[in-house]
Trainee: 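First the structure, then my questions, so here it is.
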2 protein chains.
Amino acid sequence: MFTGLSAFPLTPLNEGRFDEAAHARLITRLVDAGVDSIGALGSTGSYAYLDRDERRQVARASVRSAGGVPVVVGIGALRTSHVQALAEDAQQAGASAVLLAPMSYQPLTDEDVFELYADVTVGVSVPLVVYDNPVTTHFTFSTELYARIAVLPNVAAIKIPPVPLGANAARERVEAIRAVVPDHVSIGVSGDSAAATGLNAGCQAWFSVVGGTLPEAVLPIVRAARQGDPEGALAHSERLRPLWELFAAHGSLRVTAAIAEHLGLVPPSCLPRPLLGLTASQREQVVRVVEELHLS
Amino acid sequence: MFTGLSAFPLTPLNEGRFDEAAHARLITRLVDAGVDSIGALGSTGSYAYLDRDERRQVARASVRSAGGVPVVVGIGALRTSHVQALAEDAQQAGASAVLLAPMSYQPLTDEDVFELYADVTVGVSVPLVVYDNPVTTHFTFSTELYARIAVLPNVAAIKIPPVPLGANAARERVEAIRAVVPDHVSIGVSGDSAAATGLNAGCQAWFSVVGGTLPEAVLPIVRAARQGDPEGALAHSERLRPLWELFAAHGSLRVTAAIAEHLGLVPPSCLPRPLLGLTASQREQVVRVVEELHLS
């Protein structure tokens, strides 16, 4: 399950409520494009902003629309007991796997995080993806902590932050993690602009923000990397450079939401407040890039 | 309401459930000591980890035990609509004021945060305290943003992060804020080790972590500052330096919880998981300081 493109759709809201029809359209695009798995309720899917009922509803709707494509469901929350309840809900909804980031309010210690994963993995019966996203969690995993957590029961993959952009540095980073985690644990890269480099460096999967909205635009990167064509993967990624520049300037979530809004895939202002959409002038930049790259 | 000592008690848990009896004991200590206000469900009160029902219960219990001392209730949440619901609950529980930090998962822009306060202040009928705590929210307010938010309806105070420890630098910082916010908006300092300096520099209130558990230990600082005795305030604070050093090493929340546990005020492991208590050797350090300073 944890190879190739894992595509993370938005959870579109319409005036603050889950828009199930728009969500089904997004999921159907992913199925039709042939993604390898669907990441529902990732950071791109605004999991941290939704209440338990909404998350249950989104998880069920995702599995229903996915037509057999494996669905990974985000179960992160600030409190361990809430994570455990969300894990149960996700499994009952038919999730093929769960994804857990160590959300924080008070700064977390390594022991807090290890015990969180120990408490949660012991109670799940589907594979669990360790989700390392320091930009949102403000927690930094050491390679040693990856190693301790990777041997817990049901841990199947680690979703790592962007790799360094140099090919050698990226390979060193991935090999350093590979050396300390069991072979059955997949390593997947995040950070769309670094994905080609990460796949070329040995990452088995790409957990993608933009791939959840524009799968056709990014699948050539994955296919080239898989077919042993690293130059091709980089060339396909390089073609999308104007998009990566927008991500760097305004954040991948807000830019992807603006693209989906512009293409009519989701309603206007689809993100949960207080997250405002892009400004009018930022949206003009997005529209220019969408047209220049023929994104659809 | 926003002058003097605003004391923030723990929200003690017993095996993961709100311990109302222990909580009532903590509140009663604050009332008996003569604090100026009580900050329920602050960061010290683990607001971010509790669900809506628990928060309603804690808010009601706080007002009930406070015997007329004003209770400020934390209403922070990641999503604006959740904050609005919590504000309503807090007011129905009898809160004298509400306290709002811009919690974040996705990084927030200044506009996101301004609109959050605009959305919330328009709907409340009690004073609101703007809570600036970059360590937990990962959002940094500019002085300009303070100025924009301070003129919104119902904004009554700003809880600022620790001031610089030098007297001149602290005074410059407080005066810079004072210059841009209306006179009716109180400025209160956080960060217990910097409180004497902050009060001497012109802060009207101290929002205190340890004051929520050991009010008698810290009231002399407030009283000296109020009586125009800055040297006395600093001397009382200096006496507690071993405590400030523990806070710097292990975090004020975990140290305060360990003190409360050691003194038998709250059950063991009173914090919400994944927040683990201090280790055995860290607790030994805490006990030594409690004994050395005769804290009780």
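Each chain gets a letter, A, B and so on, in the order the sequences are listed, and its residues count up from 1.
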Trainee: Dump the intermediate steps for side chain to side chain contact (heavy atoms under 4.5 Å, CB included) on A/D119 and B/R273, then the final yes or no.
Mentor: CA-CA 10 Å; A/D119 287 344; B/R273 286 178 81 94; 3.0 Å; yes
Trainee: Under a 4.5 Å cutoff for heavy-atom pairs, which residue among A/R79, A/E111, A/E115 has the most contacts with chain B?
Mentor: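 Counting heavy-atom pairs under 4.5 Å, the top option is A/R79.
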Trainee: Counting only non-hydrogen atoms closer than 4.5 Å, can you tell me which residues of residues 132-141 of chain B sit against chain A?
Mentor: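 So the qualifying residues are B/V135, B/T136, B/H138.
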Trainee: Under a 4.5 Å cutoff for heavy-atom pairs, which residue among B/G16, B/S46, B/S43 has the most contacts with chain A?
Mentor: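 Sorted descending by pairs with chain A, the first entry is B/S43.
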Trainee: Please flag which part of A/R254 lies under 4.5 Å from any non-hydrogen atom of chain B: side chain, backbone, both or neither.
Mentor: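 Contact with chain B is through the side chain of A/R254 alone.
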Trainee: Examine whether an atom of A/Y117 lies under 4.5 Å from a heavy atom of chain B, and if so say whether it belongs to the side chain, the backbone or both; otherwise answer neither.
Mentor: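 Contact with chain B: none, neither part.
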Trainee: Go through the atoms of A/D51 and report whether side chain, backbone, both or neither lie under 4.5 Å from a heavy atom of chain B.
Mentor: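 For A/D51, backbone and side chain are both near chain B.
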Trainee: Under a 4.5 Å heavy-atom cut-off, does chain A meet the side chain of B/T109, its backbone, both or neither?
Mentor: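 It is both, since atoms from each part get that close.
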Trainee: Which residue out of A/L275, A/L108, A/V83 racks up the most heavy-atom pairs below 4.5 Å with chain B?
Mentor: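 Heavy-atom pair counts peak at A/L275.
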Trainee: Could you check which of A/L78, A/L253, A/D112 has the highest count of heavy-atom pairs closer than 4.5 Å to chain B?
Mentor: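 Top option by heavy-atom pairs under 4.5 Å: A/D112.
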Trainee: Among B/S104, B/S81, B/P107, B/P272, single out the residue with the greatest number of heavy-atom pairs under 4.5 Å to chain A.
Mentor: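 Counting heavy-atom pairs under 4.5 Å, the top option is B/P107.
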Trainee: Identify the two heavy atoms, one from A/T80 and one from B/P274, that lie closest to each other, and give their separation to 0.1 Å.
Mentor: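 Nearest pair, atom of A/T80 first, then B/P274: OG1-N, 3.1 Å.
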Trainee: Is there a side-chain contact between A/Y49 and B/Q106, using heavy atoms and a 4.5 Å cut-off?
Mentor: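 Yes, side chains in contact.
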Trainee: For A/T279, is it the side chain, the backbone, both or neither that has a heavy atom under 4.5 Å from a heavy atom of chain B?
Mentor: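 No part of A/T279 comes within 4.5 Å of chain B.
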